[in-house]
Amino acid sequence: MIFDSFTDYNDCEPAGVELPKTPVNEATLNELGLNSNSSNKEIMYELARKGLRDKGIVNYDNKNIYFERTKQELDILDDLGFTDYILLNWDILNYCHEHNIPTGAGRGSAAGSLVLFLLGVTNIDPIPHDLFFERFVSKSRAKKVLDKDGKEFLVGSLLPDVDSDISYEKRQQVIKYIEEVHKGKTAKILTFNTFSSKLCIREATKYFDGSKEDEAGRVSDMIPKIHGKVFSLSKAEEESEKFSDWVKGHKKTFENALKIEGLTKNSGVHPSGIAICSTDIEDVVPLQKTKDGDLVTAYDMNDVADLMVKFDILGLRTLTIAHKTCQKIGLELEEVDENDSYIYDTLQNFKHPVGLFQISADTNFRVCQDVKPRTIDELSDVVALARPGALQFLDEYINQKYRPTELNLQEDLDEILSWSKNVILYQEQLMQIAHKVFGLTLDEAETLRRIVGKKKADEMPKWREKIYNAGFEKGLEDRICDFYWSALEASADYSFNKSHSFAYANLAAKTVYLKYKHPKEFFLSVLESAEFEPEPLKTINSVNEELSDFGIKLLPPSLFKSEINFKIEGSDIRYGLNSIKGISLKSLQSLIDFRGLEFNNKYEVFSAAKQCGINISVLAALIQAGTMDDKTENRSRLVLEAQAFNLLTDREKRNFVKIGERFGFDILNSISEVVKKSVLGDDNKPIISEKRFGTFKRNFSKYREIYNKNKTHEKFTNWWYENSLLGYSYSHTLNDCFEADYGRLETLKESCLLSSTDKFKTVCQVKDFFTRISTNGNKYMMMEVSDNTASTKLLLMDNQREDKLSNFLASNKLKKEDIIIINATKSDGGTSFVDTIKVVDTKILMKTRDIKK
């Protein structure tokens with residue numbers, strides 16, 4: 001049953017999940033020595049055996065360890081009824097492999113399964129890295145239920161999760177395959193976004209108290225969060241004295257905020273979730289359609305999991321970048337050794353994060369710089385540390401790395417803690433301690449970890465007693481039991497899945513290798529993939545900021561040298577025409593046709609553009625981006641000429657082309673002279689009559705106004721247009737544009753080399769900003785700025801001596817893209833403190849609607 005909007009629907013709900021069957025083609029069955037009558041169990045067992053042979057494990061010295069682990073996992077999966085689920089995942093990933101669709105090494109706890117590694121679902125061998133199958137599948141968690149007819153179902157929410165990363169640009173192809181194989185049985189999955197405590201109190205404060213944004217933000221900031229988790233309103237009132245005091249004076253506002261907390265704000269579609277049902281999906285859940293016509297469940301992920309199988313197939317942009325790079329250099333990603341010392345030598349002086357997996361975001365970048373990983377294990381630790389809860393242990397981790405101390409708690413315990421510099425980062429460590437130190441099975445250890453992690457108060461006392469009894473039987477001191485139980489409770493909010501962390505570190509390491517060994521090909525791949533980013537021009541700017549350090553230039557777009565996409569040109573990279581802002585997909589074929597023509601004068605350029613279907617706004621963008629610099633030294637004037645030519649009738653254009661040489665093919669001078677002298681056309685009538693000229697002038701005036709405004713800052717106009725249309729500027733720097741008026745200016749890249757407390761003066765563009773009130777009551781503004789050489793953050797704030805921010809805001813209204821001149825003081829953390837700030841009045845008009853503004 002399909003609904004156009006959400007509808008309650010409770011019919012036909014089964015007691016649990018019946019797994020859909022996996023189609024296995026005849027060729028695969030023959031290769032495995034099986035036939036169409038073979039069971040899924042036989043298929044999975046033979047696929048595992050094939051994996052042992054193909055990966056050369058049968059020749060390992062410790063092959064028996066692999067054989068035993070493989071048999072153990074296969075038996076557990078079969079016993080729990082998960083065979084069909086594993087084969088469903090194998091089928092999807094096998095399709096990717098057969099069609100050269102890049103896949104990740106693994107995601108989540110699935111990387112702890114040897115069987116999934118043998119089947120090619122993951123690409124991480126769990127045995128050398130102490131990754132546990134029990135973290136992926138727990139016998140104690142898996143449950144089966146019977147319906148009223150005695151038919152057996154699995155409890156879907158307790159199925160293991162196999163999450164897969166695939167190439168971003170190929171995700172739709174994989175989704176289409178799933179829909180074809182399981183026709184009528186699949187849908188995307190609905191998500192509900194709810195009102196958080198911070199949002200509720202902010203909006204309630206503005207509505208009921210009439211507070212302004214700054215004050216509402218200050219109240220919202222009173223709500224604490226621990227390890228990235230925001231407190232509920234009720235808990236915040238209990239735990240935060242400051243918030244509790246505020247509530248006493250605003251009880252009505254607080255009560256109203258409580259009423260909407262947790263309510264559904266809006267719905268959406270899960271970015272990677274796919275539901276697959278064993279029968280027609282419309283018979284099991286209500287469905288609705290997205291605006292694009294895709295089917296989506298009217299239940300969210302949690303409810304869907306109780307009714308059918310859900311898959312998480314995430315399109316990973318970095319995976320696309322890595323494989324594009326490998327294709328260019330003739331290498332397979334799997335051939336890159338994540339243990340290569342070159343990778344970790346490079347990370348000792350890590351300055352260029354763009355395009356790298358998991359270590360490019362600000363926090364992750366800083367953690368990697370501080371840790372300076374020397375091995376894949378330490379890089380995995382970086383991934384685990386760079387999270388809200390674990391960040392508190394960064395200094396402790398670094399101190400232990402460079403100044404190691406012995407814990408001397410217990411031999412096995414000390415060894416397990418040494419994995420991550422005596423900081424318990426991983427859930428697997430908690431499991432290993434329970435197993436090796438206290439003698440619990442790994443399945444029991446996983447059960448214990450979940451109970452403590454979810455703070456199940458009714459079960460924790462029983463397990464605490466079990467740990468202390470086990471410690472007593474092992475002859476352990478109470479301090480060891482105390483240490484472990486305290487660690488269990490404390491790490492519940494921040495301990496991370498090592499299988500996931502290690503799998504992601506694997507790809508991170510390989511992207512480092514590719515970037516620094518093959519920078520041209522890597523950066524080209526990043527630029528080619530920028531179109532998939534939410535802000536493509538921001539990605540292009542970030543790449544440009546790093547290129548000079550690799551001896552590479554981003555050459556400007558040229559109508560006759562550029563291809564549609566970015567390309568390598570000698571030692572450099574040439575900008576692609578389709579990445580110019582304002583050039584739509586519809587314009588691309590027109591550009592291709594246009595590029596194949598030769599032009600003797602500007603009129604031919606204007607006429608050919610029209611004939612090829614390139615409208616005036618696209619032509620103007622091409623000119624202002626510098627793609628026709630061989631035709632002019634003054635882009636603004638050439639744009640004005642193109643706009644004037646576009647306003648002419650076909651008859652007028654024909655006649656102006658005929659007399660073009662007489663006036664140097666300058667349409668503006670031509671029109672002026674033709675009107676002044678009443679020049680006749682080929683039909684013995686004035687080319688432009690006075691009445692017609694009046695109409696022309698009215699339509700032309702808006703373009704003239706833009707030109708008159710912009711021509712006074714021709715150098716800056718070019719910078720602005722290039723930056724707005726391309727994401728970077730190649731003809732001028734901001735310093736070039738403003739040093740004549742403001743004296744010596746440092747670039748942001750130069751400022752990065754300054755020492756703490758050094759003063760500097762610079763010009764930059766505001767990319768983003770926000771204002772807040774600090775815990776001590778001072779107002780501050782954080783700005784993200786760029787000047788095409790680097791991007792950084794600036795802090796402007798009030799303090800006890802001077803209200804710098806308040807004084808600035810009293811006479812200025814800062815906006816994104818504003819150009820500012822600042823004097824600042826360098827700080828240790830990378831963010832510089834603004835001493836003085838001036839907004840430069842340099843508004844460039846790009847469109848006619850800008851005139852009214």
With the threshold set at 4.0 Å, does a side-chain nitrogen-carboxylate oxygen contact exist between E378 and K421?
yes
Do you know the tightest heavy-atom contact between A257 and A204?
CB-CB, 4.0 Å
Stacked cation flag R387 on Y494, 6.0 angstrom / 45 deg:
no
Using 4.0 Å as the upper bound for N to carboxylate O, is an ion pair formed by K779 and D214?
yes
Using a 6.0 Å cut-off, check whether atom NZ of K793 has over 12 heavy atoms from anything other than its own residue.
no
Salt bridge or not for K804 and D798, using N-O below 4.0 Å?
no
Given the ring of W463, does K456 sit roughly above its face, with NZ or CZ under 6.0 Å from the centre of the six-membered ring and within 45° of the axis?
no
Salt-bridge test for D245 and K248: reply yes if a basic N is under 4.0 Å from a carboxylate O, no otherwise.
yes
Do the charged groups of D818 and K815 touch, with an N to O distance under 4.0 Å?
yes
May I ask you to check if R317 and F532 form a cation-pi contact, with NZ or CZ under 6.0 angstrom from the six-membered ring centre and within 45° of the axis?
no
Identify the two heavy atoms, one from A508 and one from F357, that lie closest to each other, and give their separation to 0.1 Å.
CB-O, 3.1 Å
Regarding R450 and E446, does a basic nitrogen lie under 4.0 Å from an acidic carboxylate oxygen?
yes
Below 4.0 angstrom, N of the basic side chain to O of the carboxylate: do K206 and E213 qualify?
yes
Least distance between heavy atoms, S491 atom then L430 atom
OG-CD1, 3.4 Å
With a cut-off of under 6.0 Å to the ring centre and 45° to the axis, is K251 in cation-pi contact with F254?
no
Decide yes or no for W246 and M222: does some side-chain heavy atom of the first lie under 4.5 Å from some side-chain heavy atom of the second?
yes
Quick test of your reading of the model: are K235 and E238 salt-bridged, counting only N-O distances below 4.0 Å?
no
Count the heavy atoms of every other residue, nucleotide or ligand shown that sit under 6.0 Å from NZ of K242, and state whether that count exceeds 12.
yes
Classify the angle between the aromatic ring planes of Y504 and H500 as parallel (below 30°), tilted (30 to 60°) or perpendicular (above 60°).
tilted
Start with the C-alpha gap between Y207 and N256, add the side-chain angles, then the distance that decides, and say whether side-chain hydrogen bond (donor to acceptor under 3.5 Å, both in side chains) holds.
CA-CA 10 Å; Y207 186 82; N256 284 317; over 6 Å; no
Are side-chain N/O atoms of T320 and S167 paired as donor and acceptor at under 3.5 Å?
yes
Is the F350 ring parallel, tilted or perpendicular to the F365 ring (thresholds 30°, 60°)?
perpendicular
